[in-house]
Asks: 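Mind having a look at this structure? Questions to follow.
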Amino acid sequence: MKTDSQFAIMSAPLQGLTEAEFRQTHTQLFPMSRHPMRYFTPFVRIEKGEPRRRDIRDATSAPLSGQAATPQIICRDAEEFTILTNALAERGIDRIDINLGCPFPPQVRRGRGAGLLGSPERLGGIADAMRSFPAISFSVKMRLGASDAREWTDSIGIINSMPLEFVAIHPRTATQLYSGDLLLDQFAETLSATAHPVIYNGDITEPGQIDRLRERFPKIAGVMIGRGLLMRPSLCVEWEQGAQWPEEQRRAMALRLHAEILDQYRQRLSGDSQILSKIKPFWEYIGTPFDRKAVKKIIKAGTIANYLTAVAALESSISAYS
């Protein structure tokens, strides 16, 4: 097992959720002392033949506590990889994560995300193109396959040949999306076959799971947490401190995170519908420890005024932490 100072803690990218507002606010409210959180941006994609502008803006936003978030890209071949990498390199980015794990069916069908794992020829082209950017540190986030949990065996040799900092592995197939059993025996096999440091990713929802994973898989170099960090924003701080926070404290800090993200959205966006379309999806996760009826009223609110009233009602129904 790696010493604490070597063990990496990472925030996984989630489309529409872990944008700059979340990353900046989370790192301020839940700072890590011995394991500074590494954040990854939602993937940057090609749109009409060029990098989508709003993705680039988010991926190159102001550094977090002096450290820039790592942009993730999603591509189907070496051409798209090169376009995206050049766009980020031109803006001073020196770390890029490659998405080989997105399970969203339209992306998989087009050979992107997890769909690339079944295309060794195109993946090999990306590996070759990667070597044209020696100044950039690359990493990969992957699944076991698109529909076959052994599909990774077709591509692991290519992934091992890539100049990578690490490989993050989610032990599911794309067809499982985010439910169904974690295929941990397959993860163990992939872990043994991977030449690079491996980061475990998948269904970490409480602090104790991190140590249990380290006990079961001593070779892992760290963990990457996505939905669990939105459901319990204090999860990693609690793990680092070695003590679970009281429920009231966790709830109060989750609401503070929401309030500050909402404030930033209200400054950047205009119109109730635009703001609500950005903030409401957080409640699928951040609302987990709260009364479901109260959360449902928040999600159903059609105006900012009604939304704030519903949030205030939820806040008044719980004990404030002090």
Side-chain angles (χ1 to χ4, degrees), residues 11-31 37 39-48 50-65 67-74 84 87-88 91-93 97 99 102 104 106-107 226-234 251-290 294-316:
S11 169
L14 295 173
Q15 292 304 114
L17 293 166
T18 59
E19 296 176 349
E21 288 83 357
F22 168 81
R23 300 190 304 265
Q24 187 66 54
T25 305
H26 187 270
T27 197
Q28 291 172 348
L29 295 182
F30 304 94
M37 179 77 75
Y39 294 86
F40 292 75
T41 75
F43 58 67
V44 182
R45 74 182 82 177
I46 294 286
E47 186 174 75
K48 297 181 180 178
E50 61 181 29
R52 194 164 69 159
R53 293 182 181 180
R54 67 183 184 188
D55 295 343
I56 292 289
R57 282 197 299 271
D58 181 70
T60 58
S61 59
L64 309 169
S65 302
Q67 181 188 38
T70 300
Q72 184 183 83
I73 63 173
I74 190 166
L84 293 168
L88 292 169
R91 291 165 174 79
I93 296 298
D97 188 64
N99 186 316
C102 177
F104 189 48
Q107 293 289 352
R227 294 170 298 154
L229 200 60
L230 290 174
M231 290 188 283
R232 187 168 177 163
S234 57
R251 287 180 171 185
M253 288 300 290
L255 288 172
R256 184 176 171 189
L257 175 72
H258 159 266
E260 296 200 14
I261 292 173
L262 174 60
D263 184 61
Q264 291 183 54
Y265 281 153
R266 295 181 76 181
Q267 292 180 45
R268 179 168 69 87
L269 305 173
S270 60
D272 285 15
S273 61
Q274 192 175 37
I275 296 168
L276 292 175
S277 70
K278 291 294 293 182
I279 196 65
K280 281 184 180 182
F282 278 94
W283 286 98
E284 179 181 351
Y285 304 102
I286 207 169
T288 302
F290 299 102
V295 171
K296 190 173 182 179
K297 288 181 180 179
I298 293 171
I299 294 173
K300 290 180 69 175
T303 65
I304 289 293
N306 289 343
Y307 180 88
L308 294 175
T309 297
V311 172
L314 180 146
E315 291 174 335
S316 67

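One-based numbering along the sequence shown.
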Asks: Nearest 0.5 Å, what's the CD-CG distance between Gln264 and Leu269?
Replies: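 The distance works out to 10.5 Å.
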Asks: Out of the candidates Ile46, Asp55, Leu88, only one should pair with Ile73 under the side-chain contact (heavy atoms from CB on, under 4.5 Å) rule; please name it.
Replies: Leu88
Asks: Is the backbone N or O of Ser270 less than 3.5 Å from a side-chain atom of Gln274, with the two atoms forming a donor-acceptor pair by type?
Replies: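 Yes, because the side chain of Gln274 sits within donor-acceptor range (under 3.5 Å) of the backbone of Ser270.
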Asks: Considering non-hydrogen atoms only, spot the tightest contact between Ser61 and Ala20 and give its length.
Replies: OG-CB, 3.6 Å
Asks: Step by step, work out the side chain to side chain contact (heavy atoms under 4.5 Å, CB included) result for Tyr39 and His26.
Replies: CA-CA 10 Å; Tyr39 294 86; His26 187 270; 2.7 Å; yes
Asks: Of all residues at least two apart in sequence or in a different chain, which pass the salt bridge (charged side-chain N to carboxylate O under 4.0 Å, His left out) check with Lys278?
Replies: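 Testing Lys278 for salt bridge (charged side-chain N to carboxylate O under 4.0 Å, His left out), a comparison that skips the adjacent residues, returns Glu19.
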Asks: What's the shortest heavy-atom distance between Ile261 and Phe22, and which atoms?
Replies: CD1-CA, 3.8 Å
Asks: To the nearest 0.5 angstrom, please state how far the CG atom of Leu84 sits from the CD atom of Gln72.
Replies: 11.0 Å
Asks: Which distance, rounded to the nearest 0.5 Å, do you find between the CD of Glu284 and the CE of Met231?
Replies: 9.0 Å
Asks: Could you tell me which residues satisfy salt bridge (charged side-chain N to carboxylate O under 4.0 Å, His left out) with Arg256, sequence neighbours excluded, listed by chain and number?
Replies: Glu260
Asks: Might you work through the side chain to side chain contact (heavy atoms under 4.5 Å, CB included) test for Cys102 and Gln107, ending with a clear yes or no?
Replies: CA-CA 7 Å; Cys102 177; Gln107 293 289 352; 4.2 Å; yes
Asks: Once rounded to the nearest 0.5 Å, what's the spacing between atom CD1 of Ile279 and atom CD1 of Ile275?
Replies: 10.0 Å
Asks: How many angstroms lie between atom OG of Ser277 and atom CG of Asp272, to the nearest 0.5 angstrom?
Replies: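 Output value for this atom pair is 10.5 Å.
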Asks: How about NZ on Lys280, more than 12 heavy atoms from neighbouring residues, nucleotides or ligands closer than 6.0 Å, or not?
Replies: yes
Asks: Which atom pairs, donor and acceptor, lie under 3.5 Å between side-chain atoms of residues 304-311 and protein residues at least two apart or in another chain?
Replies:
from	atom 1	to	atom 2	distance (Å)
Asn306	ND2	Thr303	OG1	3.4
Tyr307	OH	His258	NE2	2.7
Tyr307	OH	Trp283	NE1	2.7
Thr309	OG1	Ala305	O	3.0

Asks: Just verifying a value: how many Å separate Phe104 CZ and Asn99 CG, rounded to the nearest 0.5 Å?
Replies: 13.0 Å
Asks: Is there a side chain to side chain contact (heavy atoms under 4.5 Å, CB included) between Thr18 and Phe40? Walk through the geometry before answering.
Replies: CA-CA 8 Å; Thr18 59; Phe40 292 75; over 6 Å; no
Asks: Could you check whether the rings of Tyr265 and Phe282 sit parallel, tilted or perpendicular, using 30° and 60° as the cut-offs?
Replies: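 Because their plane-to-plane angle lies in the 30° to 60° range, the rings of Tyr265 and Phe282 count as tilted.
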Asks: Going by heavy atoms in the side chains, are Leu14 and Leu229 under 4.5 Å from each other?
Replies: no
Asks: Is it true that Asp58 and Arg52 have a side-chain N and a carboxylate O under 4.0 angstrom from each other?
Replies: no
Asks: Taking Arg23 for the side chain and Thr41 for the main chain, is one N or O donor matched with an acceptor at less than 3.5 Å?
Replies: no
Asks: Take atom CZ in Arg268; do more than 12 heavy atoms of anything else shown fall under 6.0 Å from it?
Replies: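 Check passes, neighbour count above 12.
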Asks: Work out which heavy atom in Leu314 is nearest to a heavy atom in Ile298; give both atom names and the distance.
Replies: CD1-CD1, 3.8 Å
